[in-house]
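Okay, structure first, notes after.
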Amino acid sequence: MIVPKPVKHEARPGSFVLDSRTPLAADPALSEVAAWLRGELAPVTGGELLPGPGSGTITLALGDLPPESYRLTVGPDVEIVAGGPAGAFYGAQTFRQLLPAAAFRKAAAGPFTAPFTVPGTYVEDAPRFGWRGCLLDVARHFMTKHDVLRFIDLLALHKLNVLHLHLTDDQGWRIEIRRYPRLTEVGAWRRESQTGWNGAMDGRPHGGYYTQDDIREIVAYAARRHVTVVPEIDLPGHTQAAIAAYPELGNLGTPLEVRATWGVGVNVLNVEDATIAFFQNVLDEVLELFPSPYVVLGGDECRKEQWRDSPVARRRIAELGLRDEEELQSWFIHQFDAYLTERGRRLVGWDEILEGGLAPGAVVASWRGELGAVAAARSGHDVINCSNTSLYLDYRQGPGEEEPAPFGTVLTLEDVYAFEPVPEELRGDPAAGHVLGAQCAVWTELIDSTRHVDYMAFPRLAAFAETVWSPAGRDLAGFRERLAAHLPRLAAIGVEYRHADGPLPWQTRPGVPGRPEDPERWQAKIDAWTSNLRTL
Ligand code: ACM
């Protein structure tokens, strides 16, 4: 009962016994995977795995397979043959799932101690998509480094390979930039936070940031688990925290606070050369910390009121011969596309970057439904399907009033499981090859703790993992069976997932009102949001 479902999974005769004397042998190219597996298994066996080979050995070997593919055979011995370290890692993850759920505990504990007997098994497996992502919004509510590392382990358990870290927004700047210390001295802290959607404030300061050493640790920890951390520095909207730190970045010339309320704010960057230079200097440091080939520069929800009122913005539009503020936004993003391309990286932007003409090498993260994905793929751009209506895990999980801070339309576990990464309009079209994969999102305006992240992300993230890893086609009954075996693993790790019948009493949040949306109103909102995309 493996999650996500492998390509092929069969029972075989024989069995394997894992105990404190089990040897582990690995090809030298897979020594890091072996070290990771040793670390994961040592607590449950109650001892170190011995250096292999010997009888009843676990072997990690390289074979002629694609890098993320593997074959796992369990008999008297365990053999994982993989195309490369990533494939071996996924094979090892699958092997862990053949053990009892108790094997996911951090320490051998009485009745949970090995030996464990694993029935004979054969698994052949490879991912369907190369981009299997999850966005974590650490800007709206800060998550400690420890919690981010734990979240990376949970992504890796589900064979996801991209952590998109939303590091900056109106409500907080979360990454140390040496050249501009006020970004975190000022921008990482806000006076208070809005609770729910009735405008009430909690009256309690909130903040936090990652030092550059923290970021290096997060990136290295993730790399060892074959997760690429893709940073997002959101521009030119969603920048009030940066403007609070350096008012010269804004349009007003008056001081602003780090924003304490939610929603799409009016305060955006100005379009002066000095502002572009400022963010290129920021990116110099970001690129040094994140080896990711992709860098997200946002581009979403940039309100245009301040640009309309700004003589500098109007002059830019006239000088450049642009049609309007949409094209000005496009021009702004283009400045960074050239910058990133020169440095061998690719810009990822939310689908708004389509609206005034797309930068040549840009990848589109399509979030407002799938229109952006279709338009971008047809114009030859790579696309990540991040459709809010299927993949925004901050949306409510059930219709009941007891859901904690309900927001958005109802997005059940079954809805997420039904998601198909290739939009219907692209099926059978060669442009479908531009769909790199898909990404779910944990936005945290209303999610202020790791416990609440657990509740919103799990088990929907397990359903999402099947949509990007497993072969096309869905089998809900089969998924339910696999999930029944998977939930005890999450429980053993300590994940406070949502139970099928709703929140447990302490998972409700009485007094924190949500914003329930009726589906028609919601559709009207999406139609309005995407009216620009329809004309592309
Ligand atoms: C987004 O949800 N603004 C990308």
Side-chain angles (χ1 to χ4, degrees), residues 135-145 147-148 163-194 204-219 229-252 254-270 274-290 292 295-303 306 332 336 349-350 442-445 447-448:
L135 174 146
L136 186 62
D137 172 9
V138 292
R140 269 51 173 273
H141 279 101
F142 180 67
M143 271 175 80
T144 64
K145 179 186 72 179
D147 286 336
V148 174
L163 171 63
H164 170 166
L165 261 192
H166 184 75
L167 285 163
T168 67
D169 213 302
D170 294 325
Q171 296 84 5
W173 182 284
R174 307 281 174 229
I175 174 173
E176 176 191 17
I177 299 296
R178 297 236 158 102
R179 186 167 175 150
Y180 301 119
R182 285 174 60 83
L183 285 171
T184 43
E185 285 167 8
V186 173
W189 311 96
R190 64 175 179 259
R191 201 156 41 83
E192 57 181 343
S193 306
Q194 182 179 345
R204 191 165 66 125
H206 178 86
Y209 68 91
Y210 309 108
T211 65
Q212 295 204 346
D213 279 343
D214 291 339
I215 294 284
R216 285 190 192 92
E217 183 180 350
I218 288 169
V219 167
V229 185
V230 176
E232 179 176 3
I233 305 294
D234 206 342
L235 308 171
H238 289 282
T239 40
Q240 187 167 323
I243 299 168
Y246 293 94
E248 62 271 28
L249 299 172
N251 293 283
L252 299 178
T254 49
L256 288 169
E257 285 195 320
V258 177
R259 191 158 182 234
T261 55
W262 316 129
V264 182
V266 292
N267 293 303
V268 303
L269 297 180
N270 64 43
T275 296
I276 289 165
F278 180 102
F279 278 93
Q280 292 184 345
N281 291 335
V282 166
L283 287 170
D284 284 346
E285 295 189 32
V286 169
L287 296 194
E288 239 190 82
L289 294 167
F290 294 91
S292 163
V295 176
V296 188
L297 295 184
D300 57 322
E301 299 179 319
C302 177
R303 284 175 63 172
Q306 292 186 346
F332 190 92
F336 293 95
W350 298 107
V442 184
W443 296 103
T444 59
E445 287 96 328
I447 302 177
D448 65 357

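On a predicted model such as this, the values are computed, not experimentally measured, just so you know.
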Of all the heavy-atom pairs spanning [X] and [Y], show the shortest one and how long it is.
| X | Y | answer |
| --- | --- | --- |
| G299 | P236 | CA-CD, 4.3 Å |
| L297 | F336 | CD1-CB, 3.3 Å |
| V295 | L287 | CG2-CD2, 3.7 Å |
| E232 | D300 | OE2-OD1, 4.5 Å |
| A241 | G187 | CB-O, 3.6 Å |
| F332 | I276 | CE1-CG1, 3.9 Å |

Side chain proximity check, [X] to [Y], heavy atoms < 4.5 angstrom:
| X | Y | answer |
| --- | --- | --- |
| V258 | W189 | no |
| L235 | L269 | yes |
| F279 | L249 | yes |
| N267 | D170 | no |
| S292 | V230 | yes |
| I175 | L183 | no |
| L167 | Y210 | yes |
| V442 | I447 | yes |

Spell out, as yes or no, whether a donor-acceptor pair under 3.5 Å connects the side chain of [X] to the backbone of [Y].
| X | Y | answer |
| --- | --- | --- |
| D147 | M143 | no |
| T444 | H141 | yes |
| W262 | Q194 | yes |
| R174 | T168 | no |
| Q306 | V268 | yes |
| W443 | E445 | no |
| T239 | A242 | no |
| N270 | E248 | yes |

Open item on the list: So that I can tick it off, tell me whether E192 and R190 are bridged by a salt bridge, with the cut-off set at under 4.0 angstrom between side-chain N and carboxylate O.
Closed with: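 Result for this pair is no, no salt bridge flagged.
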
- [ ] Decide, yes or no, whether a salt bridge links E285 with R179 under the criterion of side-chain N to carboxylate O below 4.0 Å.
- [x]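 Salt bridge: no.
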
- [ ] Could you walk me through whether V286 and I177 pass the side chain to side chain contact (heavy atoms under 4.5 Å, CB included) test, one step at a time?
- [x] CA-CA 8 Å; V286 169; I177 299 296; 4.1 Å; yes

Rounded to the nearest 0.5 Å, what separation is found between the [atom1] atom of [X] and the [atom2] atom of [Y]?
| X | Y | atom1 | atom2 | result |
| --- | --- | --- | --- | --- |
| I243 | E257 | CD1 | CD | 14.0 Å |
| K145 | D213 | NZ | CG | 8.5 Å |
| E176 | T211 | CD | OG1 | 6.0 Å |

Open item on the list: With a sphere of 6.0 Å drawn around CD of E288, does it hold more than 12 non-hydrogen atoms of other residues, nucleotides or ligands?
Closed with: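 Check fails, neighbour count at 12 or below.
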
- [ ] Give the C-alpha distance, both sets of side-chain angles, the deciding distance and a yes or no for ring-ring contact (aromatic ring centres under 6.0 Å, His included) between Y209 and F142.
- [x] CA-CA 7 Å; Y209 68 91; F142 180 67; 7.9 Å; no

- [ ] Check salt bridge (Lys or Arg N to Asp or Glu O under 4.0 Å) between D448 and all other residues, then give those that pass, not counting sequence neighbours.
- [x]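 For D448, the residues satisfying salt bridge (Lys or Arg N to Asp or Glu O under 4.0 Å) (neighbours in sequence not counted) are R509.
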
- [ ] Apply side chain to side chain contact (heavy atoms under 4.5 Å, CB included) to E185 and list each qualifying residue two or more places apart in sequence or on a separate chain.
- [x]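 Checked E185 against side chain to side chain contact (heavy atoms under 4.5 Å, CB included); matches are P181, R182.
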
Open item on the list: For D169, give me all partners under side chain to side chain contact (heavy atoms under 4.5 Å, CB included), at least two apart in sequence or on another chain.
Closed with: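 In terms of side chain to side chain contact (heavy atoms under 4.5 Å, CB included), with neighbours along the sequence ignored, D169 is linked to A139, R140, H166, Q171, D234, H238.
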
TODO: Apply side chain to side chain contact (heavy atoms under 4.5 Å, CB included) to the pair L289 and R216, showing each step before the final yes or no.
DONE: CA-CA 6 Å; L289 294 167; R216 285 190 192 92; 3.7 Å; yes

TODO: On the 0 to 90° scale, with breaks at 30° and 60°, tag the Y180-F278 ring pair as parallel, tilted or perpendicular.
DONE: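 The arrangement is parallel - the two ring planes meet at less than 30°.
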
